[in-house]
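These notes are about the structure you will find just below.
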Amino acid sequence: MAEAEENIRFHAMFHIEGGNFMNGGAISSRVKKILKEAGFPGKIIRRTSIAAFEAEMNVICYANQGNLSLLITPSFLKVVIKDEGIGIPDVNLAMTEGYSTANEKIRELGFGAGMGLANIKKNTDEMILTSKLGQGTHLEFIIYLDGQNEG
Amino acid sequence: MTLKEIKDILSAEVISGDHDLEKEIKYGFAADLLSDVLALGRGSGVLTLLITGITHPQVIYASNIFDLGAIIFVRGKRPTEATLQLAIENQIPLLATPYIMFETCGRLYQHGLRPSIARIKNG
């Protein structure tokens, strides 16, 4: 998943505040706006924004703080989300649809159904998730710009 | 059908987007879980109405991602002030109906509105 430095056309980083539910989705909205202004096809924008939204909510729901980076290269979009927080004890289990450790507060907001990580995987071409218990989680995903995403 | 027709069918109040009542809506998607909106909203778009009881700002952010045509709040729910402001900013019309979700969907279906997604693939 390495990208040559000279091929990065755009790079932006956003801070995500853990527990700030009111603003949940604000960062992914900005990501969407950037991609729209850059003129990417609708499907690419949608897939990236959905995955970014889910990732952003994960930081808000489960971490103290984190940041989301968006990288645009000629051949792919890459989003990296790093957080400081409790981490994920069992990454494979967390990837299972329907598995969730969400509390009542998160569920009240209509999240925490255990669909987020699976939905990120579904909407992206590559996804890497690693976590250190008690330290934080590192998630990155790539969406290729190979012309199969028109529409 | 237009938003105006939806308003009439559901005795709905237009909370924002008064000037958008001629907007055409063909599809509906109903959910009280934002996770479901994010997971299943893929086929949606400008012709889609989101039918929901979620009134906090995330519903606008999520709708914005799919470029949804409008949102109708069911069970007499009202958006928070932050939600309303965000909807105005993003130009997403908001309606509110006293009907429950089941009745809302039933009435709209009866009048020709169709699901943006009818069933999931593997379930």
Side-chain angles (χ1 to χ4, degrees), chain A residues 14 16 20-36 40-61 68 79 97-100 102 105-124 149 151, chain B residues 27 29-48 50-69 71-75 77 79-92 94 101 116-117 119-123:
Chain A
F14 306 97
I16 305 171
N20 187 351
F21 291 97
M22 274 295 282
N23 282 323
I27 304 295
S28 27
S29 277
R30 287 170 71 181
V31 167
K32 189 203 164 193
K33 198 161 173 256
I34 291 168
L35 299 179
K36 204 169 177 180
F40 286 105
K43 196 169 176 186
I44 291 275
I45 297 174
R46 207 149 50 233
R47 289 171 63 204
T48 312
S49 313
I50 293 167
F53 198 118
E54 297 278 17
E56 180 185 353
M57 285 313 300
N58 281 347
V59 175
I60 290 170
C61 291
L68 182 151
V79 177
E97 273 189 31
Y99 177 80
S100 176
K105 163 86 182 156
I106 297 168
R107 289 177 196 268
E108 262 174 32
L109 287 168
F111 287 102
M115 303 292 286
L117 288 170
N119 200 22
I120 293 172
K121 196 173 171 63
K122 203 155 53 182
N123 278 290
T124 58
N149 288 287
Chain B
Y27 309 103
F29 183 88
D32 271 348
L33 265 183
L34 270 184
S35 299
D36 285 345
V37 179
L38 287 174
L40 301 170
R42 275 192 306 283
S44 308
V46 286
L47 295 173
T48 301
L50 175 65
I51 301 152
T52 188
I54 314 165
T55 55
H56 52 79
Q58 279 97 336
V59 74
I60 307 296
Y61 288 125
S63 300
N64 193 24
I65 282 177
F66 296 105
D67 296 312
L68 292 185
I71 300 171
I72 187 158
F73 300 111
V74 294
R75 305 187 288 271
K77 291 194 176 247
T80 64
E81 187 53 34
T83 304
L84 176 59
Q85 286 312 319
L86 211 53
I88 293 168
E89 251 172 61
N90 287 281
Q91 299 177 320
I92 299 176
L94 300 181
M101 187 181 273
S116 65
I117 172 174
R119 57 169 294 174
I120 56 162
K121 274 181 191 142
N122 311 304

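The sequence lines fix the lettering, A, B, ..., with proteins before strands; numbering per chain opens at 1. These numbers were taken from a predicted model, which means no experiment stands behind them.
The closest side-chain heavy-atom distance from A/M115 to B/L40 is not below 4.5 Å. Between B/L38 and A/N119, the closest side-chain pair of non-hydrogen atoms falls below 4.5 Å.
Top candidate by heavy-atom pairs under 4.5 Å with chain B, chosen from A/G25, A/G116, A/A118, is A/G25. Comparing B/L86, B/T83, B/I60, B/N64 by heavy-atom pairs within less than 4.5 Å of chain A, the highest count is held by B/N64.
Both the backbone and the side chain of A/L109 come within less than 4.5 Å of a heavy atom in chain B. B/A62 touches chain A through backbone and side chain together, each having a heavy atom under 4.5 Å away. Proximity to chain B (any heavy atom under 4.5 Å) is shown, for A/A52, by neither the backbone nor the side chain.
The number of heavy-atom neighbours closer than 6.0 Å to CZ of A/R30, taken from other residues, nucleotides and ligands shown, is 12 or below. Shown here is B/Q91, whose CD atom has no more than 12 heavy atoms of other residues, nucleotides or ligands within 6.0 Å.
The two atoms that bring A/A113 and B/L33 nearest to each other are CB-CD1, 4.1 Å, heavy atoms only. Among all heavy-atom pairs drawn from A/S29 and B/Y61, the shortest one is OG-CD2, 3.0 Å. Across A/S49 and B/I65, no two heavy atoms sit closer than the pair O-CD1, 3.4 Å.
The line from CZ of A/F111 to CG of B/D36 is 11.0 Å long, rounded to the nearest 0.5 Å. Distance check: B/S35 OG to A/M57 CE gives 8.5 Å after rounding to the nearest 0.5 Å. Here the straight-line distance linking atom CZ of A/F21 with atom CD of B/Q58 works out to 8.5 Å at 0.5 Å rounding.
Looking only at distances, no side-chain donor or acceptor of B/H56 sits under 3.5 Å from a matching main-chain atom of A/M22.
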Using the side chain to side chain contact (heavy atoms under 4.5 Å, CB included) rule, take B/D67 and A/K32 through it: C-alpha gap first, then chi angles, then the decisive distance, then the call.
CA-CA 11 Å; B/D67 296 312; A/K32 189 203 164 193; 2.5 Å; yes
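For A/N23, there are no side-chain hydrogen bond (donor to acceptor under 3.5 Å, both in side chains) partners, not counting sequence neighbours.
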